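A short worksheet on the structure shown next.
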Amino acid sequence: MLVVSKINNYYGKQHVLRDLSLDIGEESVGLFGPNGAGKTTLVNAILGIARPASGTITFLERPIHHLATHRIIRLGISVVPQGRELFPIMSVRGNLEAGAAYVPNGRGSIDERLNTVFAMFPVLESRSRQLAGTLSGGEQRMLAIARAMMANPRFLMLDEPSLGLQPSLVADVFRKLREIKKMTSVFVAEQNVYQALKAVDRGYVIENGRIVLDGTAEDLSGNDHIRKSYLGL
Ligand SMILES: Nc1ncnc2c1ncn2[C@@H]1O[C@H](COP(=O)(O)OP(=O)(O)OP(=O)(O)O)[C@@H](O)[C@H]1O
Ligand SMILES: [Mg+2]
C-alpha cells in the first residue's frame, strides 16, 4: 500500500533520514525509535511536509513524494499529529467535521461518518457540544484519533499517540488502535514500545535516521536489542 524507497531527508546540513526504506500493506505497523531518531520527519515526508532530497514514496502504486499535502490527504492518508492539535475553542462535533473537510469526495456523508466514529468513541457523542479544549487529556487524544478517522482513511498514521498520557489511558489508546486496524492500515510512531507491540502486526526500529531492525511484533518482542534498549528488560 505505502512503499518508501531509499529516501534521504535533510534539515540544512543535518542528514535526518538515511536511505530509509519501508513497506506497509493492509496491516498495522509500528515505528519505534528514541527522541530525535527521525520518526516525525518520516511521517512528514509521507505527508509531503518534509520533502526527501532523494528516493521515492508511493501510495497504492502511485508516486506521491512530489504531490502537495492536500492532494496526498485526498488519496486516503490521514494523520494524528504529535501533540493533539485540536481546535480547542471549537466543539467536539466541529472538530470531527473539520476532520472530514479535506476529503470532499470521500466515501459516505459526514453524518454517516459521524455515526461510525461515535459508535467507536461513545464518550465523544455524549460530549459532542462541549468545547474540545475542556475535554480531559485522554478524551482529547481520543478526539484527535476520531477526527483523523472522519476522513475515512485507507492509511492512518499516528505520531506518538501515547505521549503525555497516564498508563491506563495509554492502554486505552492502543486498545482503540486494535479496533481501528480492522478498518484501515495503521502506521504508528511510538516510544512506548511495550504497549505498541500489543497493537501492531509488525514494526521497524529507526535510529539516527536509519532502519536498523524490522520484524513481526512477536520477533521484536523477543529481540535482544529491543528488550535491552526499548523494553528495559
Ligand atoms: N524543523 C526542523 N528544523 C531543523 N531540524 C529539525 C526539524 N525538525 C526536526 N529536526 C531535527 O531532525 C532530527 C529528527 O527529528 P524528528 O522530530 O523527526 O525525531 P523524532 O524521532 O520524531 O523524535 P521525538 O521522539 O522526540 O518526537 C532531530 O535531530 C531534530 O532536532
Ligand atoms: Mg516525533
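Values in this document were obtained by computation on a predicted structure and should not be read as measured data. Remember, it's 1-based here, ligands and their atoms both numbered in the order they're listed.
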Parallel, tilted or perpendicular: which one describes the rings of Y230 and H225, with boundaries at 30° and 60°? perpendicular
In ligand 1, the atoms that come under 4.0 Å of a heavy atom of E160 are 24 (P), 25 (O), 27 (O)
for atom 1 (N) of ligand 1, nearest protein heavy atom and its distance come out as Y11 CE2, 3.8 Å
With rounding to 10 degrees, T40 OG1, the Mg ion (ligand 2) and Q82 OE1 define an angle of 80°
Q.
Whether E160 and K39 form a salt bridge (side-chain N of Lys/Arg under 4.0 Å from carboxylate O of Asp/Glu) is what I want to check.
A. yes
_Salt-bridge contact D111-R93 (side-chain N to carboxylate O under 4.0 Å)_ = yes
Are L143 and L163 joined in one hydrophobic group, where the rule is that I, L, V, M, F, W and Y side chains link up if heavy atoms are under 4.5 Å apart?
no
Between L131 and V92, is there a shared hydrophobic cluster once you connect ILVMFWY residues whose side-chain heavy atoms come closer than 4.5 Å?
no
The Mg ion (ligand 2) to nearest N/O/S of N35 below 2.8 Å: no
task = Kindly check if the number of other-residue, nucleotide or ligand heavy atoms within 6.0 Å of CZ (R71) is above 12?
result = no
For ligand 1, which is the ligand I care about here, please tell me if G38 has any N or O atom under 3.5 Å from one of the ligand's N or O atoms. yes
query: Distance below 4.0 Å between atom 24 (P) of ligand 1 and any protein heavy atom?
result: yes
Margin query: One thing to verify: whether E139 and R127 come together as a salt bridge, which I'm taking to mean a side-chain N less than 4.0 angstrom from a carboxylate O.
Written below: yes
- [ ] Would you check the N or O atoms of G33, main chain and side chain alike, for any that come under 3.5 Å of an N or O of ligand 1?
- [x] no
- prompt: Are any non-hydrogen protein atoms located under 4.0 Å from atom 9 (C) of ligand 1?
  reply: yes
Min over I206, T41, V43 of heavy-atom distance to atom 18 (O) of ligand 1 lands on T41
With R202 as partner, the option from E218, E26, E27 fulfilling salt bridge (Lys or Arg N to Asp or Glu O under 4.0 Å) is E27
For Q82, the atoms of ligand 1 under 4.0 Å from one of its heavy atoms are 27 (O)
In ligand 1, the atoms that come under 4.0 Å of a heavy atom of T40 are 17 (O), 18 (O), 20 (P), 22 (O), 27 (O)
| Under the 6.0 Å and 45° cation-pi test, does R147 pair with F87? | yes
In this structure, atom 31 (O) of ligand 1 is nearest to the protein heavy atom Q14 OE1, 4.6 Å
*K181 and D201 ion-paired at < 4.0 Å*: yes
* Give a yes or no on whether V186 and Y194 share a hydrophobic cluster (residues Ile, Leu, Val, Met, Phe, Trp, Tyr; joining criterion: side-chain heavy atoms under 4.5 Å apart). => yes
Ranking P34, G36, A50, A45 by closest non-hydrogen atom to atom 14 (C) of ligand 1, top hit is G36
of all protein heavy atoms, closest to atom 20 (P) of ligand 1 is K39 N, 3.5 Å
In ligand 1, the atoms that come under 4.0 Å of a heavy atom of V16 are 12 (O), 13 (C), 14 (C)
The protein heavy atom nearest to atom 26 (O) of ligand 1 is N35 ND2, 2.8 Å
| message | So, 2.8 Å as the limit: is an N/O/S atom of T41 located closer than that to the Mg ion (ligand 2)? | response | no
